[in-house]
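Written out below as structure tokens is the structure these notes cover.
Everything numeric in this text was worked out from a predicted model, so none of it was measured. Per chain, numbering begins at 1; letters A, B, ... match sequence-line order.
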Amino acid sequence: MAQITLAKGLNQGLRAALEADPKVIVMGEDVGKLGGVFRITDGLQKDFGEDRVIDTPLAESGILGTAVGLAMRGYRPVCEIQFDGFVYPAYDQIVSQVAKIHFRSQGKIRMPIVIRIPFGGGIGAVEHHSESPEAQFAHTAGLKVVACSNPVDGFHMIQQAIASDDPIVFFEPKRQYHADKAELDESVQPAALFSSRVVREGSDATLLAYGPMVKTCVQAAQAAADEGQSLEVIDLRTLSPLDLVPVVESVRKTGRVIVTHEATVNLGLGSEIAARISEQCFYSLEAPVLRVGGFDTPYPPSRIEDDYLPDLDRVLDAVDRALAY
Amino acid sequence: MTDSVHAESGTAPGAAEAPSTEGTDLGVVFGPGSPAVSDESGTAPVQLLTPEGERREHPDYSFDLDDEVIKGFYRDLVLTRRIDAEATALQRHGELGIWAQLLGQEAAQIGSGRAMGPQDFVFPTYREHGVAWCRGVDPLHLLGLFRGVDQGGWDPNENNFALYTIVIGAQTLHATGYAMGMQRDGVVGSGDPDKDAAVVAYFGDGATSQGDVNEAFIWASVFNAPVVFFCQNNQWAISEPIERQSRIPLYQRAHGFGFPGVRVDGNDVLACYAVTQAALRRAREGSGPTFVEAYTYRMGAHTTTDDPTRYRLSEDLEHWKLKDPIARVKAYLVRGGLADDAFFAGIEQEAEAMGEHLREGCRALPDPSPLSIFDQVFVEQTPELAAQKEQFAAYLASFEGAH
Ligand SMILES: Cc1ncc(C[n+]2csc(CCOP(=O)(O)OP(=O)(O)O)c2C)c(N)n1
Ligand SMILES: [Mg+2]
């Protein structure tokens, strides 16, 4: 069985999708000959041709706007946005067009578009290259939003997203692209796309994470175990719709929950999740739902990004606070 | 300096028809309907100094300043290349996270940068290290962004040089708005050459595909804003060749927006100077925007993280090396006996000193305090942010002594 990185998982997933359906089109800046700045589309243009793996002009609004037309014509565009901070020129097309056309056409027109966005920090990059804009899309009715956290999920989730008839914003934790390897066993049936998953069981408190924070939370749980604390970690995977079934079950068991993300805390995913948990698990809670995330400042210069990003210590600090109630 | 260049264009054909200008009227020379744009010969760039270092005449542009000025340009070119090489080396040594090299684009930047007056204002991309040099920005300040200690360490109002903009094309609209402000402040078309001002917006060939850039063209055109759109067509947008952005020579786009466009040899510092000077004069006197396409080549990688061998041929690079922007100035100076060994040795010495300044200065650039970010978000600190700062300070303090 093959050991693959997240980059490889996504690459193989895209390849499988291109093979499975001739209507799938990959498009974005530098995705062709270069294979993308992160090499996620490496080799795809060579094998599937320039009509299906398109180096686009340098215009994000153009990428998404033409994707709408291609989708209306029966194609399934997979659009790559080079970095999180460069999605905004396309924001209008995504929010006002992609998200609304199915609704406005009373279901007559579908928008099977996947918008791939490498997100998150920790790579020592300059500004606009380390942001976490997922809440802005999750807040938009008409868009589905998911985030993968590991190579195997990358492989399956990208194919599931492309097969979906709804528009999906697909977040990929860029600092994980080439970080860890995992074993891909294609005979194992993948979980449903819009489902969250317990990745580590525990009984004292529940850590919720997605994308790059999953690894941080698993490490935090390992560190806590050394101190006799048993933490459960859930990889949310889907941000809109949320799948809180495993979360509610977990919170009923632990009574304490900490939501983590790199994005700013103010009106982040954690806010919605905290509200829903307090609605659905009020009598199980032993402590208020705590949130650990980025401060409400623009992403800082990279030399101090380690201070800005929620790390193991900040997660454990929140665990201690939750346990102190 | 400005005055002697003014004299330059008295010979320009079409200048007689131009209503209120003694300078080259680009609107007449390259304006809509001009034969220059519709036939292929129009795509030949303006060149005043050949790759071999020979001066050339051009019907519309000339460089009339004395050789001391050219020697000054040579110094600028060499020091700029040194800044670039030193920063590249610092990145290799782990002192910078990334660096955007300008190798090959020195003449475009020095020529245009030196054409400006102190009253003009610049909106750069992330690659305008040579222009920054001309504006008097300490090159050390440029390193901060790439080292990750700040997001632009200079005061834009000190040298009339805005912060670097990484989001492709956004700054062209800022430039246009700034120019509209100049119009309202009465510093455009006043007739006083020391007072009249203009804006130069820098951007790349790839950027011309962005909506923002096209909107900037429309705004500047409609409001006749004093902007020079200075496009460095270095043939590449990361891995994508210019053919992926345009089917026509870029400068010809200007006509569709209603203002003149001109293509200049971007590796010829004299031509870049003369063309920018003419475009600036047009803008300052109130005749509106001009598109300058500096035809050049990105001789290095896109940035230090890029690997151009994946997408382009090394023959192209070899071909462009023959058009090196510095070698031709040196050839001109040497052939004409205009500069002696002592001159070149002196500049070499200056370059060494610059290298040392950057190496030592870069390592000494302090990391910002993690708490400082809370103070820079707003003019008026919010209670929420103040509370976050306080909590974070307490959190950081809890580690002190613990380790
Ligand atoms: C809106 C936006 N999209 C994508 C990028 C990523 N990116 C950085 S530089 C670049 C290519 C720019 O090419 P060009 O305009 O020709 O300028 P050059 O780098 O060649 O100077 C791209 C796509 C970005 N910075 N901003
Ligand atoms: Mg370019």
Which answer fits [X], side chain, backbone, both or neither, if we ask what part of it has an atom under 4.5 Å from a heavy atom of chain B?
| X | answer |
| --- | --- |
| A:V37 | side chain |
| A:E305 | neither |
| A:S61 | neither |
| A:D296 | both |

Kindly compute the distance separating [atom1] ([X]) from [atom2] ([Y]), expressed to the nearest 0.5 Å.
| X | Y | atom1 | atom2 | answer |
| --- | --- | --- | --- | --- |
| A:L316 | A:Q219 | CG | CD | 10.5 Å |
| A:F119 | A:I81 | CZ | CD1 | 15.0 Å |
| B:F399 | A:D313 | CZ | CG | 4.0 Å |
| B:Q91 | B:C362 | CD | SG | 10.5 Å |

So which of [options] has the biggest tally of heavy-atom pairs under 4.5 Å with chain B?
| options | answer |
| --- | --- |
| A:R303, A:R314, A:K33 | A:R303 |
| A:G35, A:G62, A:P57 | A:P57 |
| A:H128, A:E127, A:E29 | A:E127 |
| A:D55, A:T297, A:I123 | A:D55 |

Please check if atom [atom1] in [X] has more than 12 non-hydrogen atoms from other residues, nucleotides or ligands closer than 6.0 Å.
| X | atom1 | result |
| --- | --- | --- |
| A:D51 | CG | no |
| B:Y395 | OH | yes |
| A:H178 | NE2 | yes |

What are the residues of residues 368-376 of chain B, in order of number, with any heavy atom under 4.5 angstrom from a heavy atom of chain A?
B:P368, B:S369, B:P370, B:I373, B:F374
Sorted by number, residues from residues 238-246 of chain B in contact with chain A (heavy atoms, under 4.5 Å):
B:I238, B:S239, B:E240, B:R244, B:Q245
All side chain to side chain contact (heavy atoms under 4.5 Å, CB included) counterparts of A:Q12, not counting sequence neighbours:
A:I4, A:K8, A:F155, A:L184
Under the criterion salt bridge (Lys or Arg N to Asp or Glu O under 4.0 Å), which of B:D306, B:D205, B:D84 is the partner of B:R298?
B:D306
Portion of [X] that has a non-hydrogen atom of chain A nearer than 4.5 angstrom:
| X | value |
| --- | --- |
| B:A207 | backbone |
| B:I98 | side chain |
| B:Y126 | neither |
| B:F378 | neither |

Measure from the ring center of B:H129 to the ring center of B:Y164 and say whether it is less than 6.0 Å.
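When the ring centroids of B:H129 and B:Y164 are compared, they turn out to be within the sub-6.0 Å range.
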Can the ring centroids of B:F392 and A:Y308 be said to lie less than 6.0 angstrom from one another?
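No, ring centres 6.0 Å or more apart.
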Of B:L317, B:N234, B:N233, which meets side chain to side chain contact (heavy atoms under 4.5 Å, CB included) against B:Y297?
B:L317
Check each of A:S132, A:P212, A:P133, A:P118 against A:F171 using the side chain to side chain contact (heavy atoms under 4.5 Å, CB included) test, and report the only one that passes.
A:P133
Throw together a table of side-chain donor-acceptor distances under 3.5 angstrom for residues 85-100 of chain A, partners on residues two or more places apart or in other chains.
from  : atom 1 : to     : atom 2 : distance (Å)
A:Y88 : OH     : A:Q136 : NE2    : 3.1
A:D92 : OD1    : A:S96  : OG     : 3.3

For A:G120 against A:D84, the heavy-atom pair lying closest together
N-OD2, 3.5 Å
Should the pair B:F217 and B:F229 be assigned to parallel (<30°), tilted (30 to 60°) or perpendicular (>60°) ring geometry?
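Geometry flag for B:F229 against B:F217: perpendicular rings.
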Choice from B:I166, B:L145, B:L385, B:L396 maximising heavy atom contacts with chain A below 4.5 Å
B:I166
